[in-house]
Colleague: 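Questions regarding the structure given below will be posed in turn.
Values in this document were obtained by computation on a predicted structure and should not be read as measured data.
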Amino acid sequence: MALTRREFLKNSAASAAAAAIGVSLFANQSVFASETVWHKSVCRYCGVGCGVMLGVEGGKPVAVKGDTKNTINKGLLCVKGFYLHKVITGKDRLLKPLIRKNDKLVEASWDEAMELVAAKFKESIEANGPDSVAFYGSGQAETEETYVANKLFKGHIGTNNMEGNPRLCMASAVGGYLTTFGADEPVGSYDDLDHAEMFFLIGSNTAESHPVLYDRLVARKKANPSTKIVAIDPRKTPTNKIIDLHLQVKPGYDLAVMHAIAKVLIEEGYTDEKFISDSVNFSNGKEPITYEEYKTFLKKFTPEYASEQAGIPAEDIVKAAKLFGQTSRVVSMWTMGVNQRIAGVWLNNLIHNLHLLTGKLGKPGSDSLSLTGQPNACGGVREGGGLCHLLPAHRKVAKEAHRQQIADIWNVPVTNIQPKPGKHTMAMFDAISKGEIKNLYVMCTNPAHSLPNLNKYLQGMKDCFMVVAESFHPTETSKIADVVLPAAFWGEKEGVYGCTERRSQYMPKALKPQGEARWDADILIDLAKRLGHGKNFEHFKSAEDIWNEYLKCTKGKDMDLTGAPYSRLKEVRGLRWPVPSVDHPGTTHRFVEGDPLFPKDKAEGRRMYFYGKPDGKAVIFARPDKGPAEPVDAEYPIAMMTGRVLEHFHTSTMTGQVPQLVRAVPKPYVEVHPDDAKKIGLTDRGMAKVITRRGELELMVKLSDRPLPGNVFLPWHWPEKLSNLLTNDVFDPGSKEPEYKVCACKVEKA
Ligand code: SF4
């Protein structure tokens, strides 16, 4: 599909959405007063990591524009980024601490609030042990903030009950990278988007969830009209505007399709046999198998079998496979449609399989690139070790040497760090519901909106002593907290975000925090002091001090960032690790020559050496196909899918502050196919009741042919109608990530 400039602009997600609400996303500097001071920063929203310039006039945020020097977005922003400055002064900014008295949240001084928090934590730790308290953080917190929390909870309080919301969005991608390549995070980078000849999108509504990357696909297609885009998605989305082939699968039934594509690739001779023999092992998930045994495993997965499973034409599967095989450079991209699944890790493995079979990896224009939902899920939580089994810089609590290395940096006895992983997110909230965890500190996230099957967990959150550090109030979580601490927001604090492509970028403090808001790291250091652990935190006088200590943790690791001190990050538009020295340019492709960790001596002529694996070989997995945990049945005959819209971000805590975005998509709704609506007696803009085994919601109906008959779609952004009262909390046994994406429901006229 060749695109003219006119079509390019029409198809651009960012410009289409901007036009809808009447703005230009390429902000023109001339419209701003000469006193406007522009600060180079990074977008606060999604994991794309767009560079932004924050305009400040007289100490107030007046505008945001795209950073033209940032190679990620080259000046372009989506509507969310464009209005980011409005969030800073949003109507719900929390300006003073709140504590619960007589069942009401009332204003308090910082000292009163912090004394209460410290007393409650101390009391619980002394009476019930360190595992009676927990921390729940965020892929939107800065790396420095997560680092301080990690040091306090794992190293000083002595509990590994420390999690972050990336568990709910990225954990399956982590599991996929670790099992396949032996190391987390992508092999390639965004640079590959400019060289790819085919994009293979699966479970990704790129146009709405990662709009600026979508615009890069549009641009690529314009520059190179023969570029093909194939999408596997159970729903038609705005991304369809530029795709060449849509495999509209039944929700939750795409594993067989991926195997069928692999089978066609092998049978049609599209494999790279030298690459396979040099760099690939095979496994059935329990033990090694041979290439021949893998081929035998694939016998069952004919295009016809996959077609039956997924409800799509067999010839489309063959077509997709041939496009993958015939095109020399392929980038696969996926996100929550793959990760938020009972078989999320396995599906990640199956995507990597296609790249390993064809050798389309580790060279310009080819990569299997997991797209990240939050701006610092990769940086703070994955790399920073903000999950219950991790320590900073891709270390594990279970490994004695790792505990020792971190204990030395934290200046604590190694025995302070427990060797047993703490409770993962769903287990943590389950333990809260059972009263086993009595105190919870929540930073920069909104679990009373974002957890699945909320009816099961809300009471526990109300009953435990919950502290919420947050820039906005009310949120569903702050409303039920015992203490709410006003946190400084983006632009009011400095720190680092690490985005999808291993790039760490610096954000400056350009403004004074609103009201009495304080930087999250500062609040945590205050808590550390009040708990008697001040000695190992008092040298943190600035964000740079924390970053410098964190850099010590990364030295010599696969995610070496020692070449990225603040002095350098302030000048450049981010650096992609490994970046082991200040004169190193950063790494666009891992496991190949040019990666500073590539072991030439061991590689012995191999193009790629996956140094996270003992023999340097990645793994192709023969995973069984597995449908959703809750298939449709006679009682609940409709598949319910959840997802996002372009104008809102997650629980809309931030986008809800921007009138233009609220007006663009003001209300919750359910998308229903007209055929189903006719059968049920629903009309456009009428009301429907959506019922699952866990709850029910009355929602406005939007008739749409985006879902297939038999499926409905709910965006999850609005607090007044929580789609998570309906979603299933069953999780992938490997990644512990819940299956938000699909469950069974029935729909009635309300
Ligand atoms: Fe921000 Fe993501 Fe939009 Fe870029 S694409 S401006 S990072 S929300």
Colleague: Whether the side chain of Ser307 engages the backbone of Ile312 through a donor-acceptor N/O pair (distance < 3.5 Å, no angle test) should be reported.
Modeller: yes
Colleague: Treating Gln309 as the side-chain partner and Tyr253 as the backbone partner, does any N or O pair qualify as donor plus acceptor under 3.5 Å?
Modeller: no
Colleague: Do any N or O atoms from the side chain of Asn102 and from the backbone of Lys104 form a donor-acceptor pair under 3.5 angstrom?
Modeller: no
Colleague: Is it true that a side-chain atom of Asn376 and a backbone atom of Ala141 form a donor plus acceptor pair closer than 3.5 Å?
Modeller: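 Such a contact is found between Asn376 side chain and Ala141 backbone.
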Colleague: When you measure from the side chain of Asn161 to the backbone N and O of Gly422, does any donor-acceptor pair fall under 3.5 Å?
Modeller: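 No; zero donor-acceptor contacts below 3.5 Å.
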Colleague: Considering only NZ, NE, NH1 and NH2 on the basic side and carboxylate oxygens on the acidic side, decide whether Glu630 and Arg694 come within less than 4.0 Å.
Modeller: yes
Colleague: Among Met700, Glu698, His717, Lys721, which residue satisfies the side-chain contact (heavy atoms from CB on, under 4.5 Å) criterion with Pro668?
Modeller: Lys721
Colleague: Applying side-chain hydrogen bond (donor to acceptor under 3.5 Å, both in side chains) between Asn205 and each of Thr335, Thr239, Asn240, report the one that passes.
Modeller: Thr239
Colleague: Answer with yes or no whether the side chains of Gln657 and Asp92 bring together a donor and an acceptor at under 3.5 Å.
Modeller: yes
Colleague: For residues 702-716, tabulate all N or O donor-acceptor pairs below 3.5 Å that involve a side-chain atom, not counting sequence neighbours.
Modeller:
residue: Ser704; atom: OG; partner: Arg706; partner atom: N; Å: 2.9
residue: Asp705; atom: OD2; partner: Lys236; partner atom: NZ; Å: 3.1

Colleague: Verify, without hydrogens or angle tests, whether Asp732 (side chain) and Val345 (backbone) share a donor-acceptor contact under 3.5 angstrom.
Modeller: yes
Colleague: Would you please name every residue forming a ring-ring contact (aromatic ring centres under 6.0 Å, His included) with Trp346, sequence neighbours left out?
Modeller: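 Partners of Trp346 by the ring-ring contact (aromatic ring centres under 6.0 Å, His included) criterion come out as none, since no residue qualifies.
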Colleague: Should we count NZ of Lys746 as having more than 12 external heavy atoms under 6.0 Å?
Modeller: yes
Colleague: With sequence neighbours excluded, give me every side-chain hydrogen bond (donor to acceptor under 3.5 Å, both in side chains) pair touching residues 460-472.
Modeller: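 Qualifying pairs: Gln459-Asp463.
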Colleague: Using a 3.5 Å distance criterion without hydrogens, assess whether the side chain of Glu208 forms a donor-acceptor pair with backbone atoms of Thr237.
Modeller: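 A pair under 3.5 Å: no.
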Colleague: Only one of Leu168, Asp729, Asn165 forms a side-chain contact (heavy atoms from CB on, under 4.5 Å) with Leu451, so which one is it?
Modeller: Leu168
Colleague: When rounded to the nearest 0.5 angstrom, what is the spacing between CE in Met336 and SG in Cys169?
Modeller: 4.5 Å
Colleague: Determine the minimum heavy-atom distance between Met162 and Thr146, stating which atoms define it.
Modeller: CE-O, 3.8 Å
Colleague: First locate atom CG of Asp684, then atom OH of Tyr669, and finally report the distance between them rounded to the nearest 0.5 Å.
Modeller: 12.0 Å
Colleague: What are the two closest non-hydrogen atoms of Trp718 and His648, and how far apart are they?
Modeller: CZ2-CD2, 3.9 Å
Colleague: Count the heavy atoms of every other residue, nucleotide or ligand shown that sit under 6.0 Å from NZ of Lys120, and state whether that count exceeds 12.
Modeller: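 12 or below, so no.
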Colleague: Taking Gly47's backbone N and O only, do any of them form a donor-acceptor pair with Gln374's side chain (distance below 3.5 Å, no angle check)?
Modeller: no
Colleague: Between the side chain of Arg93 and the main-chain N/O of Ile88, is any donor-acceptor distance below 3.5 Å?
Modeller: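 Answer holds: yes.
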Colleague: Can you list, pair by pair, the side-chain donor-acceptor contacts under 3.5 Å of residues 477-491, counting residues two or more places apart and other chains?
Modeller:
residue: Thr477; atom: OG1; partner: Asn446; partner atom: OD1; Å: 2.6
residue: Thr477; atom: OG1; partner: Ala448; partner atom: N; Å: 3.0
residue: Ser478; atom: OG; partner: His473; partner atom: ND1; Å: 2.6
residue: Ser478; atom: OG; partner: Thr475; partner atom: N; Å: 2.8
residue: Ser478; atom: OG; partner: Thr475; partner atom: O; Å: 3.4
residue: Ser478; atom: OG; partner: Thr475; partner atom: OG1; Å: 3.4
residue: Lys479; atom: NZ; partner: Glu476; partner atom: OE2; Å: 2.9
residue: Asp482; atom: OD2; partner: Met466; partner atom: N; Å: 2.8
residue: Trp490; atom: NE1; partner: Val42; partner atom: O; Å: 2.8

Colleague: Write down the atom of Asn348, the atom of Gly176, and the distance for their closest heavy-atom approach.
Modeller: CB-CA, 3.7 Å
Colleague: Less than 4.0 Å between a side-chain N and a carboxylate O, is that true for Asp675 and Lys679?
Modeller: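 Here Lys679 does not pair with Asp675 in a salt bridge, since their nearest N and O are not under 4.0 Å apart.
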Colleague: Using the ring-ring contact (aromatic ring centres under 6.0 Å, His included) rule, collect all pairs that involve residues 719-750, keeping only residues at least two apart or in two chains.
Modeller: His424-Phe731
Colleague: Going by ring-ring contact (aromatic ring centres under 6.0 Å, His included), name the residues that satisfy it together with His210, two or more places apart in sequence or in a different chain.
Modeller: none
Colleague: Any side-chain donor paired with an acceptor under 3.5 Å for Thr727 and Asn724?
Modeller: yes
Colleague: Would a distance-only check, ignoring hydrogens and angles, find a side-chain to backbone donor-acceptor pair under 3.5 Å from Asp244 to Ile229?
Modeller: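 At least one qualifying donor-acceptor pair exists.
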Colleague: Closer than 4.0 angstrom, basic N to acidic O: yes or no for Asp633 and Arg693?
Modeller: yes
Colleague: Is it the case that the side chains of Ser735 and Ser172 hold a donor-acceptor pair, with the cut-off being a distance below 3.5 Å and no angle test?
Modeller: yes
